[in-house]
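One structure is given here, and the rest of the page talks about it.
Computed from a predicted model, the values in this text were never measured in an experiment. Naming convention: chains lettered A, B, ... in sequence-line order (proteins, then strands); numbering from 1 in each chain.
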Amino acid sequence: MTTRTQARDGRPRPASGRTDDGALRLAGVGRSFGAVEALRDVSLEVPAGEVVAVVGPSGCGKSTLLELVCGLQRPDAGTVQAPRAVLMPQGDQLLPWLGALDNAALALRVGGDGRMTRQAARERARPVLAALGLDGFAAVRPAQLSGGMRQRVAFARTLLAGAPVLCLDEPFGALDAITRADAQAWLQDALEAEPRTVLLVTHDVEEAVLLADRIVVLSPRPGRVVADLPVALPHPRAATDPGVVALRQQALERLR
Amino acid sequence: MLAALLLLAGLGAWQLYTVAGSVDTFILPAPSDVIASLWDDRALLWSNFTVTAREMGVGLAVSLALGVALAVALHESRTTRRAVYPLLIASQTIPVVLVAPLLVTWFGYGITPKVAIVALVCFFPIVVPTLSALGAVDPGQRKLMSTLGASRWQLLRHVEAPSALPALFVGARLSVAVGAIAAVLAETAGSESGLGHLMLQSIPQLETARAFAAVAVLSLFSLALYLGLTLAQRRLLPWAPLRPEGPTP
Ligand SMILES: Nc1ncnc2c1ncn2[C@@H]1O[C@H](COP(=O)(O)OP(=O)(O)OP(=O)(O)O)[C@@H](O)[C@H]1O
Ligand SMILES: [Mg+2]
């Protein structure tokens, strides 16, 4: 089991420990930036393979939470125990000078041991892009891709990083309604084909109900867990299913 | 396009002034005299041009190599930056007019002192924009690289270096402009050939038009290098559009 204390590149990362069962555990986590308290006493346990949606008002510390899990920040209080987790940052962060394929393959070219040559990385990345419907776009640069396509490339890159935990920070926040529905469908397919533990930050409660096994609702800043709702609905889910509508209502009430 | 019109207008006014005012051609030759000299003295101009072009070419190549290496070194280490950056600024206050004759006494009339002067003048405009662009990488891209577990070197190789390339081109274009002046200055300090040497010789010989022709050749060469760099940037960095209001061929 790889953990953040033993990152694949061998460098020590800020972490409080490892987990043997692949689960993700946060206990009493607090994080402040100067006078701004972003998170307070957040405790959360996510078993391996679970998809957890994190919803909360703007600025309540959702991105901070993901960065703590990925080891990009240290908690000021409490402990974070996590297997290796990779962040899909808010905004796609594709490199403008690389084509779609090379952007996805970047995850295989950097990092610690066993980094691949450009050619080997491309060969590994190609089928992943194809599975996301980007067959003919290997050489196309981000500026020429649509918003939906850019998110697919960024997700392919995140998958190819090979971490057991994916932290997706508002992956579809910038997409229009139709593209977003489409994006939710391919994300669902991809996770079914290759299950991972997922923390999915979203502004959209409906998206949370459609995709997640569980919804964690954070309070306004400082972010605390105010509700933890299981989503016991079979896939595929539709926005109009009565179960989805009811749960969406319930989550929205906890957000107010 | 507009620049060409402006140039034509200037040349026209100049021609009118020299002809109508019957200015002595030793004092100020008319553009037509300069053009005549460009043709009549073409062999002389060409042989001296190749000398100056070589000095500039080698000098620019040296300053590019040194400039990039120095920018990366300064970027990678805070200590180096603290220690070397002030010296770098100080190096630009060295009066080239003083150093040039010194270098000639040290290295002789050959190409070495010219290359040294061109490099001294040109590496600064390469280091400064490149260094600042290396440090100005989007924090989101840094975050991405660190979540992918990239090493310091991989960050440089995959993100910082490519995103600094447009700034490197800006620096190179600036260098081309000052490099021509530096080469001429170095030649006037002591040389047996080159456009600067030719200019210096032509004026006491009352061949003022020839001196102007040498200047014209040098300007055209700098302009050609500048346009070449712009075209190269367009080809090599298609993802970084030149600023639309910027100079384009
Ligand atoms: N590096 C930082 N320095 C200072 N303050 C920060 C930093 N990162 C986050 N903050 C502050 O912490 C709070 C939480 O930020 P965070 O980005 O985690 O919120 P968020 O829930 O992701 O917001 P959004 O929905 O807008 O993405 C905000 O008030 C933010 O201004
Ligand atoms: Mg955020």
Side-chain angles (χ1 to χ4, degrees), chain A residues 2 4 6-11 13-14 63-64 66-67 69-73 84-99 102-115 118 121 139-144 154 157-163 165-169, chain B residues 68 71-72 75-78 129-172 229-246 248:
Chain A
T2 344
R4 283 215 329 273
Q6 187 78 63
R8 77 177 151 171
D9 54 3
R11 285 180 302 146
R13 297 244 191 115
S63 297
T64 304
L66 294 194
E67 287 182 22
V69 169
C70 294
L72 298 173
Q73 293 187 27
R84 196 164 71 81
V86 65
L87 178 69
M88 176 169 164
Q90 211 164 353
D92 52 63
Q93 302 300 346
L94 298 180
L95 302 180
W97 47 87
L98 296 181
D102 285 332
N103 259 297
L106 182 68
L108 300 165
R109 300 206 57 211
V110 305
D113 47 79
R115 293 301 86 197
R118 184 197 302 257
V140 181
R141 287 197 197 80
Q144 270 76 52
R157 181 184 60 200
T158 312
L159 268 184
L160 284 163
V165 177
L166 310 183
C167 290
L168 314 181
D169 198 350
Chain B
V68 169
V72 170
H75 173 68
E76 290 298 324
S77 154
R78 247 173 93 87
T130 307
L131 178 60
S132 114
L134 282 171
V137 164
D138 185 340
Q141 290 176 355
R142 282 185 196 284
K143 195 174 289 175
L144 171 74
M145 291 306 276
S146 80
T147 193
L148 294 179
S151 64
R152 195 69 205 77
W153 156 250
Q154 288 168 334
L155 178 67
L156 178 69
R157 152 86 181 72
H158 291 282
V159 174
E160 290 173 336
S163 67
L165 279 178
L168 178 61
F169 269 93
V170 169
L229 281 170
T230 310
L231 286 177
Q233 177 172 1
R234 231 185 237 173
R235 267 214 89 120
L236 297 174
L237 317 177
W239 47 270
L242 296 155
R243 295 174 56 189
E245 74 272 25
T248 46

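Under the side chain to side chain contact (heavy atoms under 4.5 Å, CB included) criterion, B/Gln141 pairs with A/Gln93, A/Leu95, A/Pro96, A/Trp97, B/Val137, B/Asp138, B/Val159, sequence neighbours left out. Listed by chain and number, the residues in a side-chain hydrogen bond (donor to acceptor under 3.5 Å, both in side chains) with B/Ser77 are B/Thr80 (sequence neighbours excluded).
Here A/Met88 contributes atom CE and B/Leu144 contributes atom CG; the two are 10.5 Å apart, rounded to the nearest 0.5 Å. Between the SG atom of A/Cys70 and the NZ atom of B/Lys143 there is a distance of 10.5 Å, given to the nearest 0.5 Å.
At a threshold of 4.5 Å between non-hydrogen side-chain atoms, the residues B/Ser146 and A/Leu72 count as touching. Looking only at side-chain heavy atoms (C-beta outward), A/Arg109 and B/Leu148 stay at 4.5 Å or farther from each other.
Contacts between A/Leu98 and chain B at a heavy-atom distance below 4.5 Å are absent for every atom of the residue. Only the side chain of A/Glu67 comes within contact range of chain B, with at least one heavy atom under 4.5 Å from a heavy atom of that chain.
For the residue pair A/Ala85 and B/Thr147, the shortest heavy atom distance occurs at O-OG1, 4.2 Å. Nearest heavy-atom pair, A/Gly111 versus B/Gln154, reported as atom, atom and distance to 0.1 Å: N-OE1, 3.0 Å.
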